[in-house]
Every structure is written in C-alpha cells, then in structure tokens.
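These figures come from a predicted structure and were not determined experimentally. For this chain, numbers begin at 1 and follow the sequence in order.
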Amino acid sequence: MSAERPAERSGRHEAITHAMEDYLKAIYLLEEEQGRVTTQAIAEHLRVQSPSVTNMLKRLASMNLVHHRPYRGVTLTPAGRRIALEVIRHHRLLELYLTEALGYSWDTVHEEADRLEHSISEELESRIDALLGHPSADPHGHPIPTPEGELPATEATRLDQVDIGSRVTIERVSDRKPEQLRYLAALGLLPGVEVAVLDRLPFAGPVRVRVRDQEHYLSQELAQAVFVSIPEAGGEH
C-alpha cells in the first residue's frame, strides 16, 4: 500500500499516510474485539497520547474515513474499512510469509510485519499470496482478508468463557505480546489444537486445561488471549 493513496477532503485529495493506516487498522481491530471504540482505547492500542488521537480522528473524519462522535465512540466509514482491511491483509500475509518462507518464529513476526505492511506493492502482495497457496489464516489463526476486501466471518469464544467440561479447538490467539506467544507455544496451545477445560477457580482465578496428556493452569490474562471454537454437541469428561 502506498502512502500516495488519496482520500477526498473538502473537494480535494489528500494522501493517506502510514500513521493514518495505523489508526484505521487499530479502529477495525478494536471494534472486532470490544464493539464500541473509544479514544482512550485507541491511545492504549497505539501507545500514543489521547490529544494526538483526538487530532487524528478529526483529520480522518474530515477525509470521510471515520465517524467520530464525542462520548459515542468511533466507527469506520466504508472507505476507511476498505483501507483497514487492505493493511490487515498485507500484515497477515507478511506474518505467514515470514514464518513459512523465512523461518521466523511466531512471536517475532508481528512487529516485523508492522514495519513492512505499509511498503509492499500490490504485485508483491499477489506473489506472496500465490507462493503461500492463497492462505486463509495467519500463523496465529487470524483470518486473512481477501483481495476484494472481504473478511470471512468467524465465531470464536474466549477460553476463559468456556464451560467447564468442554472440549474445544483453538482457532486463534492474540499476537500482541511476544512473551505470551512463547509461553503458549511451550504449552502446546496452538491453532488447531484440541483443549479440554477441566476447572476454573473462583474470583477470576486461573483456568485448568488439558492439552494432549498435560494439564496446565492458565491465568485469566492468558486465557483471554486464546479464542476457541466449541463443537455443537460438546462432549464432557
């Protein structure tokens, strides 16, 4: 995606910068995770100050890329959503390419893809996609948007919300914290792996799970970073 992508603003065109792409991507991801997107949530996600977020949102709103109503949250316009999904497609394809073709570990690819996602051309994106066999998910299990800007609908439940006695399959894991990814990999908690939920201690206590023949206690924070699919006819132990 080029920084020269134009957007309408007051009857003229203004280029979309890398920073704008970061904001649009952040808004999309936050909306997926928590519904209503606040200025504070964006600031925490991007690690910037709230006044900077407010200024950028005003700019994006003037370019018809977001709707921003004080105290009511931020939403993407159709144009903003298209840009966000293209950046996410670049990011997730790059993560998979770095792991599959270049041998990166899954806990190191997120920041590398963050640096590269703004710079690759559509031709390079297409070649990476073909080389990888037109994949549908990145190394962490997150779906990859199509070239047309469509994201397959997925239904997943946070592991900390699963009923005790359920057998579930990991669909995806949060890729924000490398140390979490390293720990999850060490426990064998990877996309596609089946997990049995054995117990949950009260008062936001840890979740006890079995992976293959090993039992582990997962903190609430760690369990909230794992998203699973629940079979319609879930079995019990």
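In this model, a donor atom of one side chain and an acceptor atom of the other lie less than 3.5 Å apart for Asp22 and His118. Side-chain polar atoms of Ser50 and Gln40 form a donor-acceptor pair below 3.5 angstrom.
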key: Test log, rule side chain to side chain contact (heavy atoms under 4.5 Å, CB included), inputs Leu151 and Tyr28   = CA-CA 12 Å; Leu151 193 63; Tyr28 183 92; 3.1 Å; yes

message = Checking Glu95 against Arg92 for the salt bridge (Lys or Arg N to Asp or Glu O under 4.0 Å) test, could you report, in this order, the C-alpha distance in whole Å, the side-chain angles of both residues, the deciding distance, and whether it holds?
response = CA-CA 5 Å; Glu95 285 192 336; Arg92 294 177 178 174; 6.0 Å; no

task = Any chance you could lay out the side chain to side chain contact (heavy atoms under 4.5 Å, CB included) test for Glu21 and Ile16, step after step, and finish with the verdict?
result = CA-CA 7 Å; Glu21 291 176 354; Ile16 303 296; 3.8 Å; yes

request  = Would you sort out whether Val195 and Ile170 count as a side chain to side chain contact (heavy atoms under 4.5 Å, CB included), showing the intermediate values?
outcome  = CA-CA 7 Å; Val195 176; Ile170 297 175; 3.8 Å; yes

task = Show your working on side chain to side chain contact (heavy atoms under 4.5 Å, CB included) between Val173 and Leu189 and close with a plain yes or no.
result = CA-CA 9 Å; Val173 298; Leu189 290 163; over 6 Å; no

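With Ile230 as the partner, the side chain to side chain contact (heavy atoms under 4.5 Å, CB included) test is satisfied by one option alone out of Val168, Asp163, Thr169: Val168. Of the listed residues (Arg158, His142, Gln161), just one forms a side chain to side chain contact (heavy atoms under 4.5 Å, CB included) with Phe227, and that residue is Arg158. Considering Val87, Leu60, Thr77 as possible partners of Leu24, the one that fulfils the side chain to side chain contact (heavy atoms under 4.5 Å, CB included) test is Leu60. A side chain to side chain contact (heavy atoms under 4.5 Å, CB included) with Pro145 holds for exactly one of His90, Arg89, Arg82; it is Arg89.
Heavy-atom contacts from other residues, nucleotides or ligands closer than 6.0 Å to CD of Glu111 number 12 or fewer. With a 6.0 Å radius and a threshold of 12 heavy atoms from other residues, nucleotides or ligands, Arg212 has its CZ atom at or below the threshold. Environment of CD in Gln49: sparse, with no more than 12 heavy atoms of neighbouring residues, nucleotides or ligands closer than 6.0 Å.
Here CZ of Arg208 is found 11.5 Å from CG of Leu218. Values are rounded to the nearest 0.5 Å. Interatomic distance, CG of Leu131 versus OG of Ser126, reported as 11.0 Å (0.5 Å rounding). Atoms CD1 and CD1, from Ile27 and Ile42 in turn, are 4.0 Å apart once rounded to the nearest 0.5 Å. Rounded to the nearest 0.5 angstrom, Asp138 CG and Leu93 CG are separated by 9.0 Å. To the nearest 0.5 Å, the span separating CD on Glu117 from NZ on Lys25 amounts to 3.5 Å. One finds the CG atom of Leu98 at 6.5 Å from the CG atom of Leu116 (value rounded to the nearest 0.5 Å).
Here the side chain of His140 pairs a donor or acceptor atom with the backbone of Trp106 at under 3.5 angstrom.
At a threshold of 4.5 Å between side-chain heavy atoms, the hydrophobic network of Ile, Leu, Val, Met, Phe, Trp and Tyr places Leu132 and Ile120 in one connected group. Both Leu29 and Val74 are part of a single hydrophobic cluster, where members link through side-chain heavy atoms under 4.5 Å apart.
A salt bridge links Glu123 with Arg127: at least one charged nitrogen is closer than 4.0 Å to a carboxylate oxygen.
In terms of heavy atoms, Arg167 sits closest to Ala196 at NH1-CB, 3.9 Å. Residues Ala185 and Leu190 come closest through the heavy atom pair CA-CD2, 3.9 Å. Counting all heavy atoms, side chain and backbone alike, Val228 lies closest to Val226 at CG1-CG1, 4.0 Å. Pairing each heavy atom of Val197 with each of Val209, the nearest pair is CA-CG1, 4.5 Å. Between Pro191 and Glu171, the shortest heavy-atom distance links the atoms CB-O, 3.8 Å.
Residues Arg210 and Glu215 meet the side-chain proximity criterion, which asks for heavy atoms closer than 4.5 Å. In this structure, Asp107 and Leu184 have side chains that are not in contact, with every pair of non-hydrogen atoms separated by 4.5 Å or more. Contact check for Leu65 versus Tyr23: no side-chain heavy atoms found under the 4.5 Å cut-off. Side-chain contact check for Val162 versus Val207: every heavy-atom pair is 4.5 Å or farther apart. Between Leu96 and Pro139, the closest side-chain pair of non-hydrogen atoms falls below 4.5 Å.
Taking Glu221 as the reference, Lys177, Gln180 meet the side-chain hydrogen bond (donor to acceptor under 3.5 Å, both in side chains) condition, with sequence neighbours excluded.
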